[in-house]
Chemist: 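One structure, pasted below without further comment.
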Amino acid sequence: MNKIFSKDGRLLIPIADRIKVKSTKKEEDVRYIVDHAYCPKGCSIIDLEHEINGVPGLRIRFKREGSEGEFVISAIEGDFDKIVLSGELRDGVKDELFCPHCNTPFKKLVNCNCQADADMIVVGLTPKLDYNEAITFCNVTGCSNGTFIKSGDAIRHVRLLGSL
Ligand SMILES: [Zn+2]
Ligand SMILES: [Zn+2]
């Protein structure tokens, strides 16, 4: 398989090489793969023990009233698959998200429009958090923003909507 790197050094893998996804448009055949991800204090949260669709996922601790645990989300852009390692996630319910190693809460970028208290959580792609080199996803289980997008894109979208 040919490895292709994007301008910012992230690995681009033609999706057909990795997972079988029916796609009608050509441009959907390539998605970002996150191969570095860090908590706000700089711990790597890439979980080499838990691969999702062939790629090590991002490990995250969650807490809400009455439940806590850990899950691993896919490192593939647009992939909603996730592994719940402990605890229980509930559809439509928000969780506070923390580093699984040092327990530092992840930063919040903006409110997600799915519900009033929902947040877009930021995960840095560099050990020192840079909002332009980060991904973001909603902390509500089942939200359509539950898979990550690059935060630069999110910031642009929010500015277009005039709420930042
Ligand atoms: Zn940490
Ligand atoms: Zn949401």
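Remember, it's 1-based here, ligands and their atoms both numbered in the order they're listed. Keep in mind it's a predicted model, so treat the numbers as computed, not measured.
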Chemist: Have a look around the Zn ion (ligand 2) and list protein N/O/S atoms under 2.8 Å, or say none.
Modeler: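 Hits for the Zn ion (ligand 2) below 2.8 Å: Cys112 SG, Cys114 SG, Cys138 SG, Cys143 SG.
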
Chemist: With a cut-off of 3.5 Å and sequence neighbours excluded, list every side-chain donor-acceptor pair involving residues 64-72.
Modeler:
| residue | atom | partner | partner atom | Å |
| --- | --- | --- | --- | --- |
| Arg64 | NH1 | Glu88 | O | 3.0 |
| Arg64 | NH1 | Asp95 | OD1 | 2.8 |
| Arg64 | NH2 | Glu88 | O | 2.9 |
| Glu70 | OE1 | Arg59 | NE | 2.6 |
| Glu70 | OE1 | Arg59 | NH2 | 2.8 |
| Glu70 | OE2 | Arg61 | NE | 3.4 |
| Glu70 | OE2 | Arg61 | NH2 | 3.0 |

Chemist: Using atom types as modelled and distance alone, determine if a side-chain donor or acceptor of Thr147 lies under 3.5 Å from a backbone N or O of Gly78.
Modeler: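 Judged by distance alone, yes, a pair lies under 3.5 Å.
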
Chemist: Is it the case that one hydrophobic cluster holds both Tyr38 and Phe106, taking links as side-chain heavy atoms less than 4.5 Å apart, direct or via other members?
Modeler: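 Different hydrophobic clusters.
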
Chemist: Taking His50 for the side chain and Ile83 for the main chain, is one N or O donor matched with an acceptor at less than 3.5 Å?
Modeler: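 Side chain of His50 to backbone of Ile83, a donor-acceptor pair under 3.5 Å: no, none is there.
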
Chemist: Going hydrophobic residue to hydrophobic residue with side-chain gaps under 4.5 angstrom, can you get from Leu97 over to Phe148?
Modeler: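 Yes.
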
Chemist: List the steps, then state whether side-chain contact (heavy atoms from CB on, under 4.5 Å) holds for Ile76 with Ile52.
Modeler: CA-CA 8 Å; Ile76 304 170; Ile52 299 178; over 6 Å; no

Chemist: Leaving waters out, which protein N, O or S atoms fall under 2.8 Å from the Zn ion (ligand 1)?
Modeler: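 Near the Zn ion (ligand 1), below 2.8 Å, one finds Cys39 SG, Cys43 SG, Cys99 SG, Cys102 SG.
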
Chemist: On the six-membered ring of Tyr32, is Lys150 placed so that its NZ or CZ lies under 6.0 angstrom from the centre and within 45° of the ring axis?
Modeler: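 No, Lys150 does not sit over the ring of Tyr32.
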
Chemist: What I'd like to find out is whether the side chain of Asp47 reaches to under 4.5 Å of the side chain of Leu58, using heavy atoms alone.
Modeler: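 Not in contact.
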
Chemist: Less than 3.5 Å apart, which donor and acceptor atoms pair up between the side chains of residues 116-125 and the rest of the protein, not counting sequence neighbours?
Modeler:
| residue | atom | partner | partner atom | Å |
| --- | --- | --- | --- | --- |
| Asp117 | OD1 | Gln115 | NE2 | 3.1 |
| Asp119 | OD2 | Lys94 | NZ | 3.0 |
| Asp119 | OD2 | Lys108 | NZ | 3.4 |
| Asp119 | OD2 | Asn139 | ND2 | 3.2 |

